[in-house]
Amino acid sequence: MGLFTRRKTVFVDSDVLVIGGGMAGCGATYEARYWGRDLNIVCVEKANIERSGAVAQGLYAINTYMGMQWDENQPEDHVRYARNDLMGLVREDLGYDIARHVDSCVHMFEEWGLPMMRNPETGRYQREGKWQIMIHGESYKPIVAEAARKAATKVYNRIMVTHLLMDKTKAGRVAGAVGFNVRTGDFYVFRATAVIVTAGGASHIFQPRSVGEGMGRTWYAPWSSASAYALPILVGAKMMQMENRIVLTRFKDGYGPVGAYFLHLKTYTENAYGNEYESNWYESTKEIVGDYIDHQPVPTCLRNHAFLEETKAGRGPIRMVTKEAFKDPHLETVGWENFLGMTIAQAVVWASQNIDPKHTNPELTTSEPYVMGSHATCSGAWASGPEDCAPAEYQWGYNRMMTVDGLFGAGDTIGGAAHKFSSGSFAEGRIAAKAAVNYVNDQGNDQPQVSETEYEDLKKAVFQPLENYTIGRNEIVAGTVSPSYLLPLHGLQRLEKIMDEYVGGIGSHYTTNEPLLTRGLELLDMLREDLNFLGAEDLHQLQRAWELKHRLIASESVTHHTMFRKETRWPGYYYRADHPKLDDTNWHCFTLSRFDRESGNWKMEKAPVYHIID
Ligand SMILES: Cc1cc2nc3c(=O)[nH]c(=O)nc-3n(C[C@H](O)[C@H](O)[C@H](O)COP(=O)(O)OP(=O)(O)OC[C@H]3O[C@@H](n4cnc5c(N)ncnc54)[C@H](O)[C@@H]3O)c2cc1C
């Protein structure tokens, strides 16, 4: 008898099921209750919403705030900014929708007790940059989580969702989700009318710079394990722009962010010989991307590009000039507090490497690539847009509904709307939840039905790695290498190596081409076959096993998209060496993919980019 047959199954009914209780998930849970007073609203989270998600690493700024009450910026300005930063390719309808609602979210955070910094002269929120305002971020996530907890019918913590369930009565309609409790091992079947996926972005897809015992310290949260993409992909939702991975310039070895340093401390970078270097690369970059290099602000990827070229030319390391700013005691305090509130590891790295930024200009580096939808990048699901401003081709249902009926998303999950960050993700969660409640009301008595066969099959599959381990461990007497199973860590390292070497990671200077991608896909295919033999010694490793499976699916998507786009649209994020230039004639478009779970094939297509803001 298999282990799985002894496991308890818990059934949970809901009208709206929110998967992932991070920023977007908390926004969705809160808003679903506002519009659906009598509805059954359930939030399920693999950690504990009190401190879960990328924000739980601690933040020092809310990166998206218009300041419309003071006429600082208008939503249209933000759309122009994001469009410019993403080299023209954003869903302007989605970005506009978030920008017009984000300020009210920030005002709620303050009302709920989030300590905001204020400019003593103007009384306004303290600006760090044009879009960012400074906060004391330690309590950010617990405050937002409290609102979600009070709004939800129930929050289920410590349950990792592994699969979505589809309706057995109507093809192409979602019916719920399954997962397991990472502490008790109970199997959960969530039946739902509408599902909102808000499960964060993806780290550890590409080989990180931090390895060995440091591998838990990546830039994006190590627990962001691509469920946001794998769950919809597996039920046939279309994805967009998955090739648009992000690479970040960060302080070396601790991934400490540079935003506050550039924007607030007014520090700047120089090469190893103390020279400004970005202008060295102006002409050659113009040859690749044309006029985009003249845009202001210079797109994030192009600033990375100059950094990478200067380093390849042998004039690294690139350093942040902190010595001048740190002469001012106030700025010195801000510089340190920035890390203590957000990236303590960077302060520890500096202390351990004898770096005092008052006396030494610290080194910068570029990170491994990440896949996400909320930063200076916009990979994710292809979603229907807002009724009042989305072009017809971007509208097929309810706002933020994917191409699967009843399946919604927000935050890192949804593609096309870059620069949402924490506040924009929360705002998008609210937008998605309002639409999901409308969807639930419109279904009336036509409720989706889950299939017993489907969830029983999934139950068997979910616990299979425990079974593999229990049986396979009898064949080894020492060590961790078994002839009949592989451990999640081993599988993860293999995935990261493939992505690094074939799909444009740090080891290949972010460069790839069609032959490399073709081979990469073959190797990913073999890895997928081998993951049937994952062995998990306990529930923690079972979670690692499913995180790895989700990462693999997202990686396949990234690789197919990278292969499809035959140009180098974002130099500094990645390079197609066989198509080294930006090609607006053929590729000023979105790339879309759909995975067919019956055949296992990926279908790629182009979608038009509509510019609705002048
Ligand atoms: C180092 C760092 C610095 C940042 N700095 C800033 C900043 O200064 N200002 C700013 O505004 N933004 C910042 N951000 C960005 C911000 O954190 C994200 O934009 C935002 O958290 C995205 O929201 P989300 O809800 O999509 O994802 P998350 O907030 O990451 O939430 C995803 C949730 O889903 C859960 N989950 C994942 N998989 C599953 C599963 N299978 N089953 C159940 N639950 C699951 C996770 O545990 C998590 O709670 C930063 C992020 C990082 C990592």
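Predicted, not measured: the structure shown is a model, and the values here were computed from it. Start at 1 and go down the list; that is how both ligands and their atoms are numbered.
Looking only at atom types and distance, the side chain of Y255 has no donor-acceptor partner in the side chain of T365 under 3.5 Å away. In this model, a donor atom of one side chain and an acceptor atom of the other lie less than 3.5 Å apart for K46 and S225. The closest side-chain donor-acceptor pair between Y65 and H78, if any, does not fall under 3.5 angstrom. Inspection of the T64 and K420 side chains reveals no N or O donor paired with an N or O acceptor under 3.5 Å. A side-chain N or O of T377 and one of N244 form a donor-acceptor pair less than 3.5 Å apart. With 3.5 Å as the limit, one finds a donor-acceptor pair spanning the side chains of T366 and R209.
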Worksheet item: Taking it one step at a time, do N40 and D13 satisfy side-chain hydrogen bond (donor to acceptor under 3.5 Å, both in side chains)?
Response: CA-CA 8 Å; N40 191 350; D13 286 317; over 6 Å; no
Discussion item. Could you go through I19 and L164, starting from their C-alpha distance and side-chain angles, then the distance that decides it, and tell me whether this counts as side-chain contact (heavy atoms from CB on, under 4.5 Å)?
Written reply: CA-CA 10 Å; I19 300 176; L164 295 175; 3.7 Å; yes
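Salt bridge R551/E496: absent, no basic N to carboxylate O contact under 4.0 Å.
Of the heavy atoms in W546, none comes closer than 4.0 Å to ligand 1. Of all the heavy atoms of S227, the ones lying under 4.0 Å from any atom of ligand 1 belong exclusively to the side chain. Only the side chain of S425 comes within 4.0 Å of ligand 1, counting heavy atoms alone; its backbone N, CA, C and O stay farther away.
Among protein heavy atoms, the minimum distance from atom 24 (P) of ligand 1 is reached at A24 N, 4.0 Å. The protein non-hydrogen atom at the shortest distance from atom 30 (O) of ligand 1 is A54 N, 2.8 Å. Looking from atom 50 (C) of ligand 1 to the surrounding protein, the closest heavy atom is L59 CD2, 3.7 Å. Protein heavy atom at the shortest distance from atom 53 (C) of ligand 1 is Y220 CD1, 3.2 Å. In terms of protein heavy-atom proximity, atom 1 (C) of ligand 1 is nearest to Q57 NE2, 3.1 Å. Of the protein's non-hydrogen atoms, A199 O, 3.2 Å is the one closest to atom 37 (C) of ligand 1. Nearest protein neighbour of atom 27 (O) of ligand 1, counting heavy atoms only, is G200 CA, 3.4 Å. Scanning the protein for heavy atoms near atom 26 (O) of ligand 1, the closest one is D412 N, 2.8 Å.
Residues W223 and H204 place their aromatic rings such that the two centres sit no closer than 6.0 Å. Between F206 and Y370, the distance from one ring center to the other does not fall under 6.0 angstrom. Taking the six-membered ring where the residue is Trp, the centroids of Y156 and F190 are separated by under 6.0 Å. Ring to ring, Y30 and W112 are close: their centroids are under 6.0 angstrom apart.
Checked against a 3.5 angstrom limit, the closest N/O atoms of K141 and ligand 1 fall outside it. Not a single N or O atom of S423, backbone or side chain, sits closer than 3.5 Å to an N or O atom of ligand 1. Geometrically, ligand 1 and S52 share a nitrogen or oxygen pair separated by less than 3.5 Å. Residue E45 has at least one nitrogen or oxygen atom sitting less than 3.5 Å from a nitrogen or oxygen atom of ligand 1, judged on distance alone. Note: no N/O pair closer than 3.5 Å links I19 and ligand 1 by distance alone. Checking only distances, N63 does come within under 3.5 Å of ligand 1, N or O to N or O. Where the criterion is an N or O separation shorter than 3.5 Å, residue side chain and backbone included, G201 fails it with respect to ligand 1. Considering both main-chain and side-chain atoms, L231 never comes within under 3.5 Å of ligand 1 through any nitrogen or oxygen pair. Inclusion of S225 in the set of residues having an N or O under 3.5 Å from an N or O of ligand 1 is not warranted. Polar contact check, G411 against ligand 1: no nitrogen or oxygen pair lies under 3.5 Å apart.
Sparse packing is recorded around OH of Y34, with 12 or fewer heavy atoms of other residues, nucleotides or ligands lying under 6.0 Å away.
Looking at H163, K46, H419, R158, it is K46 that brings a heavy atom closest to atom 44 (N) of ligand 1. By heavy-atom distance, the residue among V161, I62, I135 lying nearest atom 40 (C) of ligand 1 is V161.
Residue contact check: T198 has heavy atoms under 4.0 Å from atoms 32 (C), 33 (C), 34 (O) of ligand 1. Ligand 1 places these atoms under 4.0 Å from at least one heavy atom of F421: 10 (C), 11 (O), 12 (N), 19 (O). Interface atoms of ligand 1 facing G53, defined by a heavy-atom separation under 4.0 Å, are 28 (P), 29 (O), 30 (O), 31 (O), 48 (C), 49 (O). Those atoms of ligand 1 that come under 4.0 Å of a heavy atom in S422, given as number and element, are 10 (C), 11 (O), 12 (N), 16 (C), 19 (O). Contact atoms of ligand 1 toward S374: 18 (C), 19 (O), 22 (C) (distance under 4.0 Å to a heavy atom of the residue).
Relative to the ring axis of W570, R245 does not place its NZ or CZ within 45° and under 6.0 Å from the centre.
Using a 4.5 Å heavy-atom threshold, the side chains of E72 and R127 count as touching. The shortest side-chain heavy-atom distance between I62 and F421 does not fall under the 4.5 Å cut-off.
Residue contact annotation: I159 has a non-hydrogen atom under 4.0 Å from ligand 1. The closest approach between a heavy atom of A61 and any atom of ligand 1 is below 4.0 Å.
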